[in-house]
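In this chain, residues are counted from 1 in sequence order.
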Amino acid sequence: MAYATGPLLKFQIWRVFEEYMRVISQRYPDIRIEGENYLPQPIYRHIASFLSVFKLVLIGLIIVGKDPFAFFGMQAPSIWQWGQENKVYACMMVFFLSNMIENQCMSTGAFEITLNDVPVWSKLESGHLPSMQQLVQILDNEMKLNVHMESMPHHRS
């Protein structure tokens with residue numbers, strides 16, 4: 001596949017990226033199209049990272065049978081005792097529940113589109129995805145504006 005050398009259109013969502021990319025590539029063959037993940041706020045990334053490590057430690061403690069509450073001089077709660085009696089179920093529950101929370105922390109719901117690093121659409125601001133017709137109209141307007149700006153004579157200061 002040859003890479004286009006024209007303006008760079010960047011998508012920050014994957015689910016509909018391929019559909020939009022196909023239509024836009026056909027209409028604007030000179031546009032380079034890239035997709036990337038839109039990162040959540042740092043606090044949510046840190047929470048997700050902490051949960052990922054905590055999940056593995058907790059699963060390890062369940063498997064080994066080590067009571068972390070005894071280390072703090074506390075009596076183990078009944079859920080811990082249940083987990084020791086049902087290690088497979090407890091490990092699966094910890095794994096899936098923590099993954100659910102991690103995914104929620106990393107999910108932004110973003111659909112951000114830039115053209116040459118200039119924002120042209122933001123789902124975070126608008127609250128919805130653009131229709132294909134809206135996106136094509138926005139790109140048509142931006143491309144016409146870019147051609148118009150490039151054709152203007154440059155003034156020297």
Side-chain angles (χ1 to χ4, degrees), residues 1-139 142:
M1 177 178 158
Y3 290 98
T5 58
L8 173 63
L9 181 66
K10 191 179 289 186
F11 288 85
Q12 293 183 319
I13 189 172
W14 285 106
R15 290 185 200 137
V16 295
F17 171 68
E18 289 181 356
E19 178 185 339
Y20 281 66
M21 184 177 83
R22 182 180 48 79
V23 171
I24 292 169
S25 294
Q26 290 172 352
R27 187 170 177 107
Y28 306 102
D30 291 337
I31 289 184
R32 292 179 297 134
I33 302 174
E34 294 179 0
E36 63 184 30
N37 289 323
Y38 188 86
L39 293 175
Q41 295 177 2
I43 185 71
Y44 294 117
R45 291 197 315 260
H46 294 308
I47 290 170
S49 294
F50 170 78
L51 281 174
S52 182
V53 172
F54 182 74
K55 162 185 64 183
L56 296 176
V57 169
L58 188 57
I59 289 172
L61 289 172
I62 292 170
I63 291 171
V64 172
K66 188 75 173 159
D67 182 5
F69 299 97
F71 180 75
F72 296 106
M74 300 169 57
Q75 183 177 354
S78 59
I79 187 127
W80 182 260
Q81 293 168 352
W82 174 87
Q84 289 303 298
E85 295 166 4
N86 303 283
K87 291 184 186 229
V88 173
Y89 293 121
C91 289
M92 287 176 35
M93 185 174 73
V94 167
F95 181 80
F96 288 116
L97 285 176
S98 66
N99 278 353
M100 181 181 67
I101 297 169
E102 288 172 49
N103 286 336
Q104 193 64 33
C105 287
M106 294 302 289
S107 177
T108 61
F111 185 81
E112 311 299 300
I113 304 173
T114 60
L115 180 62
N116 292 332
D117 293 326
V118 177
V120 295
W121 186 269
S122 172
K123 180 184 171 211
L124 296 176
E125 290 180 15
S126 69
H128 65 283
L129 295 174
S131 68
M132 188 59 74
Q133 183 179 358
Q134 283 177 308
L135 184 55
V136 168
Q137 184 63 48
I138 290 168
L139 291 177
E142 291 292 328

Side-chain contact, heavy-atom cut-off 4.5 Å: R22 with E18?
no
Measuring only between side-chain heavy atoms, which start at C-beta, is K123 closer than 4.5 Å to H128?
no
Would you say CD of Q133 has more than 12 non-hydrogen atoms from neighbouring residues, nucleotides or ligands within 6.0 angstrom?
no
Supply the atom-to-atom distance E19 CD to I24 CD1, rounded to the nearest 0.5 angstrom.
10.0 Å
Measure the CG-CG distance between L56 and L61 for me, rounded to the nearest 0.5 Å.
11.0 Å
Side-chain donor-acceptor pairs of residues 87-99 under 3.5 Å, sequence neighbours excluded:
unit_1	atom_1	unit_2	atom_2	d
K87	NZ	I62	O	3.0
K87	NZ	I63	O	3.1
K87	NZ	Q84	OE1	3.4
S98	OG	V94	O	2.8
S98	OG	F95	O	3.1
N99	OD1	K55	NZ	2.7

Atom of A76, atom of Q81 and distance for their closest heavy-atom approach
O-NE2, 3.7 Å
Just how far is it from atom CG of L115 to atom CD1 of I31, taken to the nearest 0.5 Å?
6.0 Å
What is the minimum heavy-atom distance between C105 and I47, and which atoms define it?
SG-CG2, 3.7 Å
Taking atom CH2 of W121 and atom CD of E142, what is their separation to the nearest 0.5 Å?
12.5 Å
Rounded to the nearest 0.5 Å, what separation is found between the CZ atom of F111 and the CG atom of L135?
6.5 Å
Tell me whether the count of non-hydrogen atoms from other residues, nucleotides or ligands lying under 6.0 Å of CD in Q104 goes above 12.
no
When you measure from the side chain of S126 to the backbone N and O of S122, does any donor-acceptor pair fall under 3.5 Å?
yes
Using the side chain to side chain contact (heavy atoms under 4.5 Å, CB included) rule, take M132 and Y20 through it: C-alpha gap first, then chi angles, then the decisive distance, then the call.
CA-CA 7 Å; M132 188 59 74; Y20 281 66; 3.8 Å; yes
Do L39 and Y44 have side chains that approach each other closer than 4.5 Å (heavy atoms only, starting at C-beta)?
no
Holding to ring-ring contact (aromatic ring centres under 6.0 Å, His included), I want the full list of residues that pass it with F54, two or more places apart in sequence or in another chain.
F50
Suppose the criterion is side-chain hydrogen bond (donor to acceptor under 3.5 Å, both in side chains): which pairs have a residue in residues 56-76, not counting sequence neighbours?
none
